[in-house]
Amino acid sequence: MIADPTGDPDDTVPGAIRLCISNDSGRTCRVPFGAMLVDGKPDLFSQPHFLNDARIVYPRPTLPLLFVQAASLHSGNNDQRVGTSVFRYDRAADTFVQVYRKLTGRNNNQEVRYIGSGRLRGAIISAEPTSDAPFGFWITVNRLADGAYRPTLRYRSATRYGDGNPLAVIDSEMPNIQRRLKLWQPGQPLPLPAGPCPLPHIVAGALWCSGSGAGAGA
């Protein structure tokens, strides 16, 4: 723990962490994690202090990728800089190559999600708040093409910021995402989140569960 550099110096926060994959006992790191949280010039929030996720994912059965998400210190308003990076191993060059990178905050329901199964298997979806009214989210779907993740869809969400929907934005937008990608159409069973979703129905173009959004039809 270290003294909190963003608030009361009597408070403590977790210290910086070093992310490394090494084959020489840590003397050198094989994966370029160092810039995960750098946004322009290095600053107080450029170092990872929290490891949110680290796992091997398989967009295709024979293609393993390393998915890593790390976060900075919390700022005075409790926001964080969150970095998501994905790497593939280049066997011929014996090195790791970054194939996706995204920086977000966390205070406004931002999310970056790897889709591990289903019609969108292998896609990475991000949700970020818009900066103008009506306040919603920019939804971006990235898919592998020519060895790297590239955007295949970007649109302004039907989900509105502060609408009271308890679902994560990506879950509430999944019918829209799949409809725009021609993977789902109205009349078919709704694409549902992984957790419980009783009485799924559409309200103002977004997915809701249970009795929320009374008056909307399925």
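Because the structure is predicted, anything quoted here is derived from the model rather than measured. Just so you know, residue 1 is the first one in the sequence shown, and it goes up from there.
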Novice: For a side chain to side chain contact (heavy atoms under 4.5 Å, CB included) check, start with the C-alpha distance between Thr159 and Asn176, then their side-chain angles and the critical distance, and finish with the verdict.
Specialist: CA-CA 10 Å; Thr159 302; Asn176 284 321; 6.0 Å; no

Novice: Could you state the interatomic distance from CG (Leu192) to CG (Leu207), rounded to the nearest 0.5 Å?
Specialist: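 It comes to 6.5 Å.
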
Novice: Do Gln178 side-chain atoms and Pro175 backbone N/O form a donor-acceptor pair below 3.5 Å?
Specialist: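 Checking the backbone N and O of Pro175 against the side chain of Gln178, no donor-acceptor pair under 3.5 Å is found.
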
Novice: Is a salt bridge present between Arg113 and Asp171, judged by a nitrogen-to-oxygen distance below 4.0 Å?
Specialist: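 Yes, this pair counts.
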
Novice: Holding to ring-ring contact (aromatic ring centres under 6.0 Å, His included), I want the full list of residues that pass it with Phe50, two or more places apart in sequence or in another chain.
Specialist: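 Partners of Phe50 under the ring-ring contact (aromatic ring centres under 6.0 Å, His included) test: His74.
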
Novice: Tell me, please, whether Phe45 has Arg81 positioned over its six-membered ring: NZ or CZ under 6.0 Å from the ring centre and within 45 degrees of its axis?
Specialist: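 No, Arg81 and Phe45 do not form such a contact.
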
Novice: Under 4.0 Å between a Lys/Arg side-chain N and an Asp/Glu carboxylate O for Lys102 and Glu128?
Specialist: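 Counted as a salt bridge, because a side-chain N and a carboxylate O are separated by less than 4.0 Å.
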
Novice: Please evaluate residues Thr84 and Gln69 with respect to the criterion side chain to side chain donor-acceptor pair (under 3.5 Å), reporting the C-alpha separation (whole Å), side-chain torsions for both, the decisive distance (0.1 Å), and the verdict.
Specialist: CA-CA 4 Å; Thr84 303; Gln69 187 176 92; 2.8 Å; yes

Novice: Hey, is the main chain of Ala123 close enough, under 3.5 Å, to the side chain of Arg143 for a donor-acceptor pair?
Specialist: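 Here the side-chain-to-backbone pair does not exist.
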
Novice: Tell me, please, which residues at least two apart from Pro61 pass side chain to side chain contact (heavy atoms under 4.5 Å, CB included).
Specialist: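 For Pro61, the residues satisfying side chain to side chain contact (heavy atoms under 4.5 Å, CB included) (neighbours in sequence not counted) are Arg121.
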
Novice: Is there a donor-acceptor contact under 3.5 Å from the side chain of Arg106 to the main chain of Asn78?
Specialist: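 Yes, the answer is positive, given that a donor and an acceptor are paired below the 3.5 Å cut-off.
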
Novice: Would you check if the side chain of Trp184 reaches a backbone N or O of Pro189 as a donor-acceptor pair within less than 3.5 Å?
Specialist: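 Present.
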
Novice: Under 3.5 Å, side chain of Asp90 to main-chain N/O of Val97, donor-acceptor pair present?
Specialist: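 Side chain of Asp90 to backbone of Val97, a donor-acceptor pair under 3.5 Å: no, none is there.
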
Novice: In chain order, what residues pass the side chain to side chain contact (heavy atoms under 4.5 Å, CB included) check against Asp94, with sequence neighbours excluded?
Specialist: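 Result, side chain to side chain contact (heavy atoms under 4.5 Å, CB included) vs Asp94: Arg30, Tyr89.
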
Novice: Rounded to the nearest 0.5 Å, how far does CZ of Arg27 lie from SG of Cys20?
Specialist: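 Cys20 atom SG to Arg27 atom CZ measures 11.0 Å (nearest 0.5 Å).
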
Novice: When the ring planes of Tyr100 and Tyr149 are compared, do they come out parallel, tilted or perpendicular, using 30° and 60° as the limits?
Specialist: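 If you compare the ring of Tyr100 with that of Tyr149, the planes turn out perpendicular.
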
Novice: Assess whether side chain to side chain contact (heavy atoms under 4.5 Å, CB included) is satisfied between Ile177 and Leu120, documenting all intermediate values.
Specialist: CA-CA 10 Å; Ile177 293 169; Leu120 284 166; 3.9 Å; yes

Novice: I'd like to know if Asp53 and Arg55 make a salt bridge, using a cut-off of under 4.0 Å between side-chain N and carboxylate O.
Specialist: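 Looking at Asp53 and Arg55, the cut-off is met.
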
Novice: For the side chain of Arg150 and the backbone of Gly147, is there at least one donor-acceptor N/O pair under 3.5 Å apart?
Specialist: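 Pair absent, no side-chain N/O of Arg150 close to backbone of Gly147.
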
Novice: Distance only, no hydrogens: is a donor on one side chain within 3.5 Å (strictly under) of an acceptor on the other, for Asp79 and Ser75?
Specialist: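 Ser75 and Asp79 do not have a side-chain donor-acceptor pair below 3.5 Å.
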
Novice: Thr130: which residues meet the side chain to side chain contact (heavy atoms under 4.5 Å, CB included) condition with it, sequence neighbours left out?
Specialist: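 Checked Thr130 against side chain to side chain contact (heavy atoms under 4.5 Å, CB included); matches are Asp132, Phe135, Trp138, Arg156.
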
Novice: Do any N or O atoms from the side chain of Glu173 and from the backbone of Ala158 form a donor-acceptor pair under 3.5 angstrom?
Specialist: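 The answer is yes, because a donor-acceptor pair under 3.5 Å joins these two groups.
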
Novice: Looking at His49 and Leu73, would you say the former's side chain and the latter's main chain have a donor-acceptor pair under 3.5 Å?
Specialist: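 Checked: no pair found.
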
Novice: Between Tyr161 and Asn108, do the side chains contain an N or O donor and an N or O acceptor separated by less than 3.5 Å?
Specialist: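 Distance-only check passes for Tyr161 and Asn108.
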
Novice: Measure the spacing between CG of Leu66 and CD1 of Ile21 and express it to the nearest 0.5 Å.
Specialist: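 The CD1 atom of Ile21 is 4.5 Å from CG of Leu66, to the nearest 0.5 Å.
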
Novice: Would you say the side chains of Ser85 and Gln98 form a donor-acceptor pair under 3.5 Å?
Specialist: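 Yes, because at least one side-chain N or O of Ser85 sits under 3.5 Å from a partner of the opposite role on Gln98.
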
Novice: Between Arg101 (side chain) and Ala35 (backbone), is there a donor-acceptor pair under 3.5 Å?
Specialist: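 Yes, the answer is positive, given that a donor and an acceptor are paired below the 3.5 Å cut-off.
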
Novice: Taking C-beta and beyond as the side chain, do Pro191 and Arg119 meet within less than 4.5 Å on heavy atoms?
Specialist: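 No, their side chains stay 4.5 Å or more apart.
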
Novice: For the hydrophobic clusters of this structure (ILVMFWY residues joined by side-chain heavy atoms under 4.5 Å, transitively), does one cluster hold both Val169 and Leu190?
Specialist: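 No, separate clusters.
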
Novice: Sorted by first residue and then second, give each ring-ring contact (aromatic ring centres under 6.0 Å, His included) pair with at least one member in residues 15-42; sequence neighbours left out.
Specialist: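 Only Phe33-Phe87 qualify under ring-ring contact (aromatic ring centres under 6.0 Å, His included).
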
Novice: Is Val38 isolated, or which residues cluster with it under the ILVMFWY side-chain rule of less than 4.5 Å, directly or via members?
Specialist: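 Hydrophobic cluster check, Val38: no partners found.
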
